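One structure, as structure tokens, below. Some questions next.
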Protein chains: 2
Amino acid sequence: MDLSDVRRHHLSVVLEHLVCSGPRSRAAIAQETGLTKATVSTLITDLLDRGLVQELDTPTAGRVGRPATDVGAAGHSVGALGLEIDVDEVAACVVDLTGTVRTVHRHTAGNRDVTARTVIHRLRDATQRAMADAAHMGIDCIGATLALPGLVDPNEPTLFVAPNLHWFDADLRSLATQLRLPEHFPITMDNEANLGALAELRHGAGQQFDSFVFVSAAGGLGAGIVLDGRLLRGAHGFAGELGHVVVDPSGKPCACGARGCLETLLHSDVNPDELARHLADALRTVVHLIDPEAVVLGGSLAAFGDEFALAVADHLHADTLGARWHPCAVRRSTLGADAALVGAATAALDRIISDPTIVPTRALAH
Amino acid sequence: MDLSDVRRHHLSVVLEHLVCSGPRSRAAIAQETGLTKATVSTLITDLLDRGLVQELDTPTAGRVGRPATDVGAAGHSVGALGLEIDVDEVAACVVDLTGTVRTVHRHTAGNRDVTARTVIHRLRDATQRAMADAAHMGIDCIGATLALPGLVDPNEPTLFVAPNLHWFDADLRSLATQLRLPEHFPITMDNEANLGALAELRHGAGQQFDSFVFVSAAGGLGAGIVLDGRLLRGAHGFAGELGHVVVDPSGKPCACGARGCLETLLHSDVNPDELARHLADALRTVVHLIDPEAVVLGGSLAAFGDEFALAVADHLHADTLGARWHPCAVRRSTLGADAALVGAATAALDRIISDPTIVPTRALAH
DNA sequence: CCCCTTTAGTTCGGATACTGTACTAACTCG
DNA sequence: CGAGTTAGTACAGTATCCGAACTAAAGGGG
């Protein structure tokens, strides 16, 4: 039936609106989504039945007319698992639908040159703890996403290459069982920069932009590209390899085969001024190709402070073709080191948002 | 009503399928789109009433069962106007829904350093002729798109900068009246590389790819980026400025302010081998950032022949991170110099495809 | 203090588009 | 020439959305 597709779509629209734009009244939702008050009403009762939204005790704003009862995404019933493997740590967290991080377990460990099996074993501990916490809080985890520092195909559970981990062609099909998650537990994986961008889009500096580029400097250098509120993953999930934009063709050889990749400069000793210029050089290319509204500096780049962001912006605007009319904003990440991890959980939560009917309705007799 | 939106959407899906994938039977459409035979039947009769599709005399393939009557996009009733202003010519064409170019009027003229008014005057002649031809053939033009060699905002009728025309901030709001087109005639404009990419997507080398980058070398150097079958225009319509990817930071200064842009190398005397290497350098960056399935070489680059494309592919694959698993294909354009012009008409036709109900139904008394 | 106005949210009838099944149409094969 | 096969249509059933009317709950004015 295509009729139920319509309903599914509308449920998704309403839920996404509440998750992204915050709690509001049914009347406001109707106005903002273009749906009828009547339709929104039935949609909300449906979402209430599924435990995805909840009515809030609104502080009655002394306005004329019947006071509204706001509804917002529910934080008490469902959530998702965010997982991360990085060069020097593993981590697991649980985030609920309101975007609140309910529990985090980080475990410092040198993962470079260690077999995937060992690292996943380390991740299992954190995962089990996070799942136990979720169960304790009565939160039902509907899926997980794993953030990895390398090339990942979201469609196939294979990590192609993670230069900084020294991993190649790791097969991650049995990940769910290796982590001792329930059978058929939905688990996906993605590049850490992509997931960081998703986190910024929903909860951070990207909220005010429709399209932006999130620069993730954690170990390697990657970028997550958001266009029209959606992640650009590329045909094979390889998009956003900002670290391999060539800045200096006569520079040092890079692991990728080329010379003078931006990433080679990051590893060598450069002062912030120099780094800002090189980064701006690479970002200029990005802006010329993608034309985003903004660049969000994440990871260690955010730690450099506002002057650094301003320096990058200055260098960037100087020689960019369209900057005269629409200069690309440069902002610092507001999520810090948690961006990729929170983004992983957010990605898993997106399964609910894009199809709320996967959560069963608790047929409330009445 | 949202119910009629569903219908509109389905009409659009069916029409797009016919335009993009060619004529076929109702049964085939049903199977391929996932709609029911019954639904497709009513959708097709609707599209027939609007004159957007037509039944074809199928050469009866001696297969068992009742023979199918194929329906295909109609070439007799509606079309769109494609316009182009380039450095050394203006052009107008009419393309019908089947993608057939019904008439072309090209007019060679040096447009550099000439006022916009004068150039538009030149374009008016070609436009008038094309429109007259269309009227003669009984084709109703439902809109026009103008291809321009510069930065254009598709939402606002302003050309920001066309370096090769030496135009800056040209206001093109009164374009329809200056071309003596009917009042309220829908006219849009876009970058020539974007439109070339659209043409390749629908009628050329891009048909077999979901996402690819079309490189347009006509005067300047631009790229049209297609992702998931849709044009990536960027937040302000500035995306795809491949010519300003820096290939050699110590190179010649470019009009954009930077040094060693790819475009500066194109103008100077380089042999094809050198050009292939520089182009591959720039494309490597594109592949790292966007991860397309293929690159389509257009304009004068297509004229270099297959060896050139192979050379580019070799250089490109050598140092690209993901090439080992998913090498990016390199193809030559199949449309030649007409790509942008045909693409302009195609863009205008897209108005019908995305909403077939804008064409009135000729209530056929039955 | 009562009633009018305003805004929020629900109920109900009506319209519409999709689905599945059953049907007719048109052709091939034996 | 009939059985089998595939194309396309007709029709009843169902689910959804919309609009209008309705109830609910507050403020404000006389």
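Per chain, numbering begins at 1; letters A, B, ... match sequence-line order. It should be emphasised that the depicted structure is a prediction, and the values quoted were computed from it without experimental measurement.
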For Arg7(B) and dA15(C), give me the distance from atom CZ to atom C1', rounded to whole Å. 14 Å
Within the structure, does a side-chain N or O atom of Arg66(B) lie under 4.0 Å from either OP1 or OP2 of dG8(D)? no
Using the test salt bridge (charged side-chain N to carboxylate O under 4.0 Å, His left out), find all partners of Asp291(A) that sit at least two apart in sequence or belong to another chain. none
Nearest-Å distance, CZ (Arg8(B)) to C1' (dA17(C))? 13 Å
Just checking Thr69(A): base, sugar-phosphate only, or nothing, at a heavy-atom cut-off of under 4.0 Å? sugar-phosphate
Rounded to the nearest angstrom, tell me the gap between atom CG in Asp5(B) and atom P in dT16(D). 17 Å
Strand-adjacent residues in residues 25-39 of chain B, judged by heavy atoms under 4.0 Å from DNA chain C: Thr36(B), Ala38(B), Thr39(B)
Do the side chains of Glu293(B) and Arg331(B) get close enough for a salt bridge, i.e. N-O under 4.0 angstrom? no
Rounding to an integer number of Å, can you tell me how far Arg24(B) CZ sits from dG8(D) C1'? 17 Å
Would you say dT6(C) has OP1 or OP2 under 4.0 Å from some side-chain N or O of Arg63(A)? no
Considering heavy-atom distances to DNA chain D, does Gly65(A) or Leu43(A) have its closest nucleotide positioned more toward the 5' end? Leu43(A)
Counting neighbours of CD on Glu32(A) that are heavy atoms of other residues, nucleotides or ligands and sit closer than 6.0 Å, is the number greater than 12? yes
Could you tell me whether the phosphate oxygens of dT16(D), OP1 or OP2, come under 4.0 Å of any side-chain nitrogen or oxygen in His10(A)? no
For His10(B), what residues pass the ring pair (Phe, Tyr, Trp, His ring centres under 6.0 Å) criterion, not counting sequence neighbours? none
Whole-Å gap separating C1' (dG9(C)) and CG (Asp70(A)): 13 Å
Do other residues, nucleotides or ligands put more than 12 heavy atoms under 6.0 Å from the NE2 atom of His9(A)? no
For Leu48(B) and dG8(D), give me the distance from atom CG to atom C1', rounded to whole Å. 13 Å
Salt bridge check: are Asp96(A) and Arg102(A) linked by an N-O gap of less than 4.0 Å? yes
All heavy atoms of Arg202(A) vs all of Cys20(A), minimum pair found to be NE-SG, 3.6 Å
